[in-house]
Asker: 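The structure's right below; bear with me while I get my questions together.
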Amino acid sequence: MVGLQHFLTLGAVIFAIGFFGAVTKRNLVVVLMCIELMFNAVNIVVVAMSRYLVPLAMQRAPDSTDAAVAQTLLTGQVFAVFVITVAAAEVALALGIVIAIYRTRRTADTNELKLMSR
Amino acid sequence: MLTAVVFLPVAAAIIIALAARSPRAVKGVALTAFVADFALAIAVFARYNTGDGGFQQVEQYDWLPGESVVFQYLLGVDGLSATMVLLTGLLGLAAMLVSMNIQHRVREYFVFLLLLQTAVMGVFASLDFILFFIMWELELVPMFFLISIWGTGRKEYSAMKFLVFTFVGSAFMLVSILVLYFSVGTFDMRVLLESDLRNLVAPVTVVFGLFFAAFAIKLPVWPVHTWLPDAHTDAPTAVSVMLAGVLLKMGGYGLIRVNVAMFPEVTQQAALPFAILAVISILFGAMVTLRQTDLKRLIAYSSVSHMGYVLLGVASVGATGGALSSVGLTGAALQMFTHGTITGLLFVMVGVVYDKAHTRHIPDLGGLAARMPYAAVALMVAGLASLGLPGLSGFVAEIMVFLGTFPVYGVLTALAALGVVVSAGYILWTLRGVMFGPAKERWAHIGDATLVEKVAPALLIIAVVAVGVYPALITDALSSGVGEALADRITTVVGGLR
Amino acid sequence: MNSSALWLLSPEISLAFVAMLAFLVDLVTRRKGYVAAVSLVGLVLPLLFTTLLWGELSGWVNAIGPQPGEVAGVSIPGIFGTLVVDRYALFFKYLVFGALGLVLLASLDYRSRLGRLEGEYYGLILLSAGGMTLLAATVELLSLYIALELATLPLVALAAFLRDGRSTEAGIKFLLLGAISSAVLLFGMALVFGVTGSTYLSDIAGAVATATPGDVPFGSYAMLAGAVMMAAGFGFKIAAVPFQMWVPDVYEGSPTPITAYLSVASKAAGFAALLRVFTTAFGPADLHWSVLFAALAVASMTVGNLVAVAQSNIKRMLGYSTIAHAGYMLIGVAAVAGRTGDGSLQGPQGLLFYLGGYAVTNLAAFFAVIAIANRTGSDQISDFAGMGRRAPWLAFLLTVSLLSLIGIPPTAGFMGKLFLFGAAVNADLAWLALVGVINSVLSAYYYLRIVKVMYFQEPASQERVTCSPALWAALGSASLGVAFVGMAPWPLFAFAAQALLGFAGR
Amino acid sequence: MTPSGLEQSTAFTVIWWVVAAMSVIAATLVVRLKDVLRAALALVGVFISVVFLFFMLNAELLAVAQLLIYGGAISILIIFAVLLTRDVHEGSPSNALQVPAFLLSAGLLAVMTFVINNTDWKLLSAARLAPAAQERAAEVFANSTPWLAGLLMRQFVLPFEVASVLLLAAVIGALALLREE
């Protein structure tokens, strides 16, 4: 039987993998990819919560048929919408900087960025 | 009146910074300010009514009114602080006079010197703890610059060491001040002195200990004295005068004003360790002094030794039952005053000698008395006062400390008295080495102190002799401030506690 | 959105409007001075709206009628309860706009290095300010997160704005490390949302309050983990140890005005959100989190100060110093648990005061650095040698701001530390205050090293160092602020007290 | 389908495990593959798995958004970045932090697993909702898109509007960085 815990654990696993990669990888683009893994993990978690958990509005009014109350079931999905949006913005910006770096340095290796870490 | 005493120097500093252009004008303004400040300080001291006692000439304004925190602009003097204000006025003038030949970055120098004067006056005159603390910290800045710009030798190192030591102490003090505030609800020292400070938001022994650490560093007590010789040696003459003459007294003042007066019970419990520390300071300081060949270093270590007597006098509070007398405390306070004048005089004279001979190395000097009789006499007076010759002020203070402490800690006091013997040794040895003995060829061209250089020693000698001959001049004020008044209070407080 | 929503958001909307205007002006004219002028003058609008909103709270402006959920004179909720206009939010608007104005002024001196991108520079900085003020005003986790990103992402672009090696590296490090911390923050938010079933702070507070008191702090493991992960996310924003690793490189590589802005406004906004989330949402959780922040405070102060000692670049050094100062400020957060019920806002009040004093102090320090480094072309501390003679006033003002950073009276820094440490003592955290003061002593060493270099070392050349009138104006105002807050702390202190009226339900 | 219980069929379970395994393997590949382009393709694999997961969670709109934005736009941007920088740097080497980072991540995972399995989640299936409310809930999940839009336009209109400003700022920033002098 698959339940909430399964989804959450899956999210945690992907989050941890992404975290490991984000911390250890030297290629900027790969670091960015690992961060996207973390965001996806968060999305799995919030959407699963949205599906399995009873939101506060319904806890307060278990007999309400109010549309607004029912709607709060989807708060987790809204959460994911914003995560996706921000991720897109971050990737766009990251691409801009990566290309700027590439122009000046012709490399994308974080270990090459030694200019400042003396 | 007190406001004028405290802020006159800083006003002069602003005038110098903004208006005065030529070195002559700068020195003129500064000299006027210091003379006026000294006159005001005398007036403050003279107006202090010893019969009434307590805090007088209080000036009080709300500076930061608020529901949760109340700061006040609160000045006032009791017998102890009035004496210290007088001392600061005197030594400020002396420091000014020996600075007349400063050539390097004149404006900044006098701005800092005046700022220092304000800060020190402020420490002694503040009755609000926050104002006290601000003045205490404010003194660091001009000192740091004065030592590191106009000093000699390893001046930057010494300045930094001075700063770090004092800053550590004041950091401790800030925490304790805050604890007092949140326990009693005021920064007003007068209220705190009347309050029961046994139940604080932090353990009272810790608060006491932090205060003691701050003041002990400033005093300085062995083993936290190491900044003093460095700072003294590398500072310019005027700053050495201020440092030894006045700044060390901030430590003693705080010790008596805060530790003893606010926490008499804890002080009684801590009296034995205090006495032991004092004796170590006295003997250690004296022993190390014997081995010095640099005049300034020598006086610096002798200061460690002599300031030990202040702590020893404070330790007389350890008397049990009704045996507590006011003699020890008054002696401690008097020792602060006399050491200020005597050591100030010593440094002034060393400055004069160094100015002529360009060395402070004792074996190089010798036979100067013939060439500079005035300086020789002044140095002799200072030296003799320092070793406690009866008739000069040092004697009175030391004998009072011994009399006050002997009944309580007989053996320790006897040990401390050994320090007097040692100091007689090094003082006489120094005098002989510098002024007497065979006249050396290389000093043949040397001249006596100039007229300007004669004024400062003269002032200080007058003070040394006057207090030596007629101690009541000072002790009346001191006993109304710390001596009898404090002893009575301690007896009642501690007696009431039992 | 209805009219009241527009009104409540008017400072941010007008700010975004000014930003768009900056982009447009840049497109239509080659006279670049116009862009800066538009941005600076335009800043009057959001300030005006902020003041009017303050009036709305105080009752001397009445633009909208009573709103549902409004607490008279204390707070007006808006936009379905995701936003609140209270004095706390308005305090941070003033703080951010003030810092922004000074930074814009100082940026005028930096224009030559921006090339043709002036419109983008000013527009992005304005947009980021909008994110920061929103951060202090939102009371719902998703809005908070988006506001946080709006405050950060423009700064990422600005950090990389010089497009040379160090600047782009600053940008990418800021972006990537920021994204990692965002992910952690989001995971924390997700856990909290999962337990409470809502993203509104007030709902979370309700859930925390009704949680059955058990062995687990915060009522459940998920809540505890969520709170810790959120603290980590905010810790990145305010540059607290151990989330500080981005600071030195970003501070060194960014254009200096941006560094100044980052160290003041961004940090203030981070604290605004942190304090609001933890006092509002987790307020009832028996203040278990106070310990967490006390630990972070100790780590930040100590690490920041220790590492700063070894720095040879002044921007890096100031970077580590801001880490240490984040530590001092965290004392204010930790001290939220007052010993007595009524004294419990002393920590936040001290924090707000400190933020104000720190803003002017740090801005003054960075402006002086801009002035000097722009002429000498170097950020190395050793190149500040002899500035006491080459630029007496700049050196003097830099010295004053450094003294303020140490906390020597009579400067703003001293008063700030006094209030913060006082709050700590009052919250039975005297040990924390002690750690704080010892750290202040430690910090004196490296701050004074700069003073030493400026005054006691021989200059490389005798050439005088001067700077532009605009930078003088910025530096002068900031320095006046340092002196004013230090000598007459009462107005700012009262302002901070006002800002906490009705804050977190008190 | 009632809101209180998801499709608890064997097929659902089997598909879930397959998708989960796929996503974890793909995620591992992202971290482990030496070739950056292949790692990027593995990342797309993760994105696609997440699309399936969203479908299984009745989040159709999100599944589509995930497919378009992540599977489409973001993947292309990343691959674009990879190709741009590829000629100078082939592999995807790791830095010296392997062991501590692994321990940290493993610790994080352990803590989170503990948290997830030791928290008393308020499950919808266990909630005592009135029958009418249950029907309304079922309706929401059966056709979530308009409901989601309603939510975005009402409660979450503030972050929604701010997000648009955020995207604008990011685009302007990226363009500024790319503009030729």
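Here is how names work: the chains are called A, B, and so on, in the same order as the sequence lines, proteins then strands, and each is numbered from 1.
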Asker: Of all the heavy-atom pairs spanning C:Ala183 and A:Val42, show the shortest one and how long it is.
Answerer: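 That closest heavy-atom pairing would be O-CG2, 3.9 Å.
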Asker: How would you list, by chain and number, every residue that makes a side chain to side chain donor-acceptor pair (under 3.5 Å) with C:Tyr200, sequence neighbours excluded?
Answerer: none
Asker: Between C:Tyr145 and A:Phe82 (judged by ring centroids, cut-off 6.0 Å), do the two rings come close enough to count as a pair?
Answerer: no
Asker: Could you pull out the closest heavy-atom pair between C:Leu153 and A:Leu93, with the gap in Å?
Answerer: O-CD2, 3.4 Å
Asker: What is the minimum heavy-atom distance between A:Leu53 and C:Gly194, and which atoms define it?
Answerer: CD1-O, 3.2 Å
Asker: Mind listing the closest non-hydrogen atom pair of A:Ile35 and C:Ala179 along with its distance?
Answerer: CG2-CB, 3.6 Å
Asker: Heavy-atom cut-off 4.5 Å, strictly under: side chain, backbone, both or neither for C:Leu142 against chain A?
Answerer: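 Side chain only.
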Asker: What distance separates A:Ile99 CD1 from C:Arg163 CZ, expressed to the nearest 0.5 Å?
Answerer: 12.5 Å
Asker: Nearest 0.5 Å, please: how far is CZ in C:Phe187 from CG in A:Leu8?
Answerer: 7.5 Å
Asker: For A:Thr75, is it the side chain, the backbone, both, or neither that has a heavy atom closer than 4.5 Å to a heavy atom of chain C?
Answerer: both
Asker: Heavy-atom distances under 4.5 Å only: say whether C:Ala190 touches chain A with side chain, backbone, both or neither.
Answerer: both
Asker: Going by the rule salt bridge (charged side-chain N to carboxylate O under 4.0 Å, His left out), which residues pair with C:Glu140 if we only count those two or more places apart in sequence or in a different chain?
Answerer: none
Asker: With a 4.5 angstrom heavy-atom cut-off, which part of A:Phe79 approaches chain C: side chain, backbone, both or neither?
Answerer: both
Asker: Looking at every heavy atom in both A:Arg60 and C:Asp203, which two are closest together, and how far apart are they?
Answerer: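 Distance-wise, the nearest heavy atoms are NH2-OD1, 2.9 Å.
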Asker: So which atom in A:Glu90 and which in C:Leu175 form the shortest heavy-atom distance, rounded to 0.1 Å?
Answerer: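 Scanning both residues, the minimum pair turns out to be O-CD2, 3.7 Å.
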Asker: What part of A:Leu32 is in contact with chain C, defined as an atom under 4.5 angstrom from a non-hydrogen atom: side chain, backbone, both or neither?
Answerer: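 Its backbone and side chain both get close to chain C.
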Asker: Let's test your reading of the structure: which of C:Ile180, C:Leu191, C:Val184, C:Val156 forms the most heavy-atom pairs below 4.5 Å with chain A?
Answerer: C:Ile180
